[in-house]
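Numbers restart at 1 for each chain; the letters A, B, ... are given by sequence-line order, proteins then strands.
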Amino acid sequence: MTDSFAPALLNWFDEHGRHNLPWHHNRTAYRVWVSEIMLQQTQVATVIPYYQAFMHRFPDVHSLALAPTDDVLSHWSGLGYYARARNLQKAAQAVVKEHNGEFPRDQQQLEALSGIGRSTAAAILAQSYDIKAAILDGNVKRVLARYHAITGWPGQTAVLQKLWQFAEQHTPNDRIRDYTQAIMDLGALVCTRSRPSCERCPVQQTCLAYANNETTLYPGSKPKKTKPEKTTWMLILEDSEGRILLQRRPPSGIWGGLWSLPELDPALGEDELQQACEQQLGLSCGDPQRISGFRHTFSHYHLHIQPARMSAEPKNRVADDNHRWLHRDQALSLGLPAPIRTLLTDPEQTTLL
DNA sequence: GACTCGTGGGG
DNA sequence: TCCCCAAGAGT
């Protein structure tokens, strides 16, 4: 059976596709790989400035493998999903050590690297080596769900299996690199989430959702759940020289490996902060002052951040590897979570209650 | 299979 | 203001 999907798409791509993104130039496997990791769950416009700075600081896989992890994380600060940055360096070290500095041209070996799953491995093969492999990102899911009128939420395994099946079926033998870019561009530029521009679509005539005037039904929406509310204390501990205490967060969990303000158990009352702080951090502290808090929304919960300010001096020695006293501008040069950066930057957020 | 992991854009 | 979701992967 002849499938007109790919030829029509490629013709459209030649004239209307995106041919000028930063990772399209000097297209090495390393540059494609970094872009693919950054683009996971992150929009192109957000990625571009981070990508430019990252490639300038880490121009090849060796510089990334050898860099201090703090340096990698600080270049990722503000992008989110920080496990991507930790996995990126881990994979770079594996490529240097186990693959002689060259990215493998094999899907299975690529997927063995940290942070590279099925779709990302396929994207690297297609984009950098022009090797046939099917991708399935958010754009492709939306295009295929509409084109084939696939009901159900793509998070369900059965739906995902159908999508992968069609993704592989449509993938042509030639011009893999262009086809991979083309189907993503179609999703990003024409087959958009809301108000798709079907009049400009190259595969409109064979699209089931369009034929039935049902583009809004696909892909199916995910079941909604109410997000729980969590609360935490964030401490601005300032010494007599005006420096602030920062602590490195554990390698896993929220904001893993980043620097942030010290946290205390939200169950503690305001009057218990001083004692808890002295015990847990080995400081001598003044009276706590509440600062106006704010709410930060995550994918799965809301976090109410209540900041408190205290004057503090180290009693014996707190200068371990995971704590640093820094002035405000020095602190901002570290890898900080976005809400903490806001807290330290925005004077409005440091109003006394 | 269900959770976890971030941040910003758009409706 | 609130919700969904974006070039997904790991546990």
Side-chain angles (χ1 to χ4, degrees), chain A residues 17-18 21-24 32-51 73 76-88 90-91 110-124 126-128 133-143 153-161 163-164 167 180-189 191-195 216 219-230 249-258 260 294-303 335-342:
Chain A
R18 293 175 292 188
L21 293 169
W23 40 92
H24 292 164
V32 168
W33 167 59
V34 172
S35 77
E36 290 299 333
I37 302 300
M38 281 193 176
L39 287 161
Q40 287 171 0
Q41 302 291 284
T42 311
Q43 295 183 357
V44 170
T46 303
V47 163
I48 288 176
Y50 283 89
Y51 183 79
L73 284 170
W76 212 270
S77 175
L79 254 190
Y81 284 154
Y82 299 96
R84 292 185 296 175
R86 299 191 301 271
N87 286 333
L88 198 71
K90 191 174 173 188
L110 283 173
E111 287 182 32
L113 296 169
S114 300
I116 300 181
R118 181 174 177 181
S119 188
T120 300
I124 294 169
Q127 293 280 334
S128 62
I135 63 160
L136 187 63
D137 69 341
N139 290 307
V140 181
K141 285 175 186 171
R142 187 170 55 255
V143 169
W153 175 52
Q156 299 170 345
T157 304
V159 177
L160 202 57
Q161 276 184 342
L163 289 169
W164 270 114
T180 303
Q181 185 65 48
I183 192 167
M184 287 190 289
D185 287 359
L186 186 70
L189 304 174
C191 196
T192 49
R193 185 159 66 90
S194 61
R195 296 172 53 85
T216 57
S221 52
K222 85 168 184 187
K224 53 177 76 177
K225 295 173 184 171
T226 57
K227 295 177 181 174
E229 294 274 353
K230 300 185 182 181
R249 302 182 64 87
S252 64
I254 192 72
W255 302 326
L258 296 191
S260 86
F294 55 95
R295 198 171 75 147
H296 188 76
T297 300
F298 292 116
S299 304
H300 289 82
Y301 60 95
H302 301 284
L303 182 65
L336 289 175
I340 306 303
R341 182 176 294 276
T342 301

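Contact footprint of chain A on DNA chain B: nucleotides with an atom under 4.0 Å from a non-hydrogen protein atom, first to last in 5' to 3' order, B:dG1 to B:dG11.
The aromatic rings of A:F298 and A:Y301 sit tilted relative to each other, their planes meeting at an angle between 30° and 60°.
Annotation: ring-ring contact (aromatic ring centres under 6.0 Å, His included) contacts of A:W164 (sequence neighbours excluded): none.
Remark: the backbone N or O of A:S260 is not paired with any side-chain donor or acceptor of A:R249 at under 3.5 angstrom. No donor-acceptor pair closer than 3.5 Å links the side chain of A:R84 to the backbone N or O of A:G115. A distance-only check finds no donor-acceptor pair linking the side chain of A:T180 to the backbone of A:A123 [under 3.5 Å].
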task = Determine, for nucleotides 5-11 of chain C in 5'-to-3' order, which nucleotides have protein heavy atoms under 4.0 Å from the base (write B), from only the sugar-phosphate (write S), or from neither (write -).
result = SBBBSS-
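Comparing A:W255 and A:S194 against DNA chain B, the residue whose closest nucleotide sits nearer the 5' end is A:W255. Nucleotides of DNA chain B nearest to A:R86 and A:R195 differ in position, and the one nearer the 5' end is that of A:R86.
The side-chain heavy atoms of A:T42 and A:Y50, taken from C-beta on, include no pair separated by under 4.5 Å. Between A:R18 and A:L189, the closest side-chain pair of non-hydrogen atoms falls below 4.5 Å. A:Y51 is listed as a side-chain neighbour of A:V34, based on a closest heavy-atom distance under 4.5 Å. For the pair A:I183 and A:N139, the minimum side-chain heavy-atom distance is 4.5 Å or more.
The separation of B:dC5 from C:dC5, taken at their C1' atoms, amounts to 15 Å, rounded to a whole angstrom. Between C:dA6 and B:dG6, the distance separating the two C1' atoms is 12 Å to the nearest Å. Across the C1' atoms, B:dC3 and C:dA7 are found 22 Å apart, a figure rounded to whole Å.
As judged by a 4.0 angstrom heavy-atom cut-off over every strand, A:G253 is placed among residues touching the sugar-phosphate backbone only. Heavy atoms of A:A123 sit nowhere under 4.0 angstrom from any nucleic acid atom.
Atom-to-atom, NZ of A:K224 to C1' of C:dC2 comes out at 10 Å; the value is rounded to the nearest Å.
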